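Step one of this worksheet: look at the structure below.
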Amino acid sequence: MARRPMMAANWKMNKLVGEAREYIEQLLPRIEDAGGADIAVFVPFTALNEVARMTRDTPIVAGAQNFYYEDSGAFTGEVSAPMLLDIGAGAVVVGHSERREVFGETDEMVARKAVRAVSAGLLPVVCVGETKEERDSGGMWEKVSGQIRAVFDHLGDETSGGDIVFAYEPIWAIGTGDTATPEDAQDATGKIRGLLEEVRGEDFAGAVRILYGGSVKPENVGEIMAQEDVDGGLVGGASLKAESFAELVNAASNAKSG
Ligand code: PEP
């Protein structure tokens with residue numbers, strides 16, 4: 001099944017509102033010919049209102065990097081799905097390894113967030129991936145498959161494959177410059193698609209976009225995008241400059257045509 005490529009920027013805890021504005025102003029003219037890819041920019045909450053406003057009626061979807069699965073109430077410091085929708089967000093990163101490792105998010109919390117995002121009509125990009133120690137000790141697939149199975153323990157049968165995106169992000173490759181080889185990226189994303197098929201069938205698995213994340217940059221995006229089960233990228237460092245993110249978007253847009 002043909003899946004539409006997706007290139008996603010994760011700014012992490014970077015950029016003031018003025019910097020965000022300047023970035024979107026620079027990005028928009030550079031992606032005019034990138035009609036072959038979906039584009040998402042995951043920005044800090046403080047910049048989300050402005051980025052959503054600026055990207056309305058453009059090919060860019062403004063997204064949050066996190067949210068909480070309850071809609072309102074005594075959850076000091078949290079932001080809910082209705083709040084994100086209210087300011088025009090269309091997508092959200094769920095279970096980034098920095099949320100899991102630094103803020104203690106469990107598989108169960110990540111699953112609840114993924115389910116709530118889907119039911120709210122926000123596209124969740126659910127991140128999974130192993131540490132260096134887990135990979136070296138042969139535990140990569142146990143970790144990644146466990147993270148994915150937890151989502152499907154909660155996600156309703158009515159969900160379709162287009163409603164959710166997974167990002168395979170080996171933790172050892174995030175922000176390190178140490179990219180997985182294209183073969184490693186294919187091995188993991190292919191296994192993930194196999195698991196999706198096992199739990200929800202071929203049509204569902206064929207429709208889910210699986211991104212690779214971990215030191216993607218203009219120099220390596222081509223060989224990563226060329227892998228059969230890699231449908232795009234989730235990019236931190238190389239997404240911080242509009243010029244370099246635009247190169248990645250254009251590469252994704254051209255990668256799967258023909
Ligand atoms: C990320 O933040 O999800 C990421 C993959 O970062 P980087 O591209 O910097 O490795």
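All values derive from a computational prediction rather than experimental measurement. Whatever order the structure lists them in is the order used to number ligands and atoms, beginning at 1.
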Problem - Gly214 near ligand 1 by a heavy-atom separation under 4.0 Å - result: yes
List the closest protein heavy-atom neighbour of [atom]: residue, atom name, distance to the nearest 0.1 Å.
atom                   : value
atom 2 (O) of ligand 1 : Lys12 CE, 2.7 Å
atom 4 (C) of ligand 1 : Gly236 N, 3.5 Å
atom 1 (C) of ligand 1 : His96 NE2, 3.3 Å

Just how far is it from atom [atom1] of [X] to atom [atom2] of [Y], taken to the nearest 0.5 Å?
X      : Y      : atom1 : atom2 : value
Ile24  : Thr58  : CD1   : OG1   : 7.5 Å
Met54  : Asn49  : CE    : CG    : 12.0 Å
Leu211 : Tyr168 : CG    : OH    : 13.5 Å

Handout entry: Polar side chain donor-acceptor pair, Trp172 to Glu133, under 3.5 angstrom
Key = no
Judging by distance only, is a nitrogen or oxygen of [X] under 3.5 angstrom from one on ligand 1?
X      : value
Ile174 : no
Leu234 : no
Val235 : no
Glu169 : yes
Asn10  : yes

Check each atom of ligand 1 against the heavy atoms of [X] and keep those under 4.0 Å away; list them by number with element.
X      : result
Ser215 : 7 (P), 8 (O), 10 (O)
Gly213 : 5 (C)
Gly237 : 7 (P), 8 (O), 9 (O)
Gly175 : 7 (P), 9 (O), 10 (O)
Ala173 : 10 (O)

Practice task
Heavy-atom distances under 4.0 Å are what count here, so tell me which part of Ala167 touches ligand 1: side chain, backbone, both or neither.
Solution key: neither
Handout entry: Residue portion contacting ligand 1 (non-hydrogen atoms closer than 4.0 Å) for Glu98
Key = neither
Exercise for the section: Classify the ring geometry between Phe204 and Phe152 as parallel (under 30°), tilted (30 to 60°) or perpendicular (over 60°). Expected result: perpendicular
Handout entry: Geometric class of the Trp11/Tyr23 ring pair [parallel <30°, tilted 30-60°, perpendicular >60°]
Key = perpendicular
Handout entry: Asp187 with Lys191: basic N within carboxylate O range, under 4.0 Å
Key = yes
Exercise for the section: May I ask you to decide whether Asp107 forms a salt bridge with Arg100, counting only side-chain N to carboxylate O separations under 4.0 Å? Expected result: yes
Handout entry: Test item: Arg116 and Phe67 side chains (from C-beta on) under 4.5 Å apart, heavy atoms
Key = yes
Problem - Heavy-atom side-chain proximity of Val79 to Leu48 below 4.5 angstrom - result: no
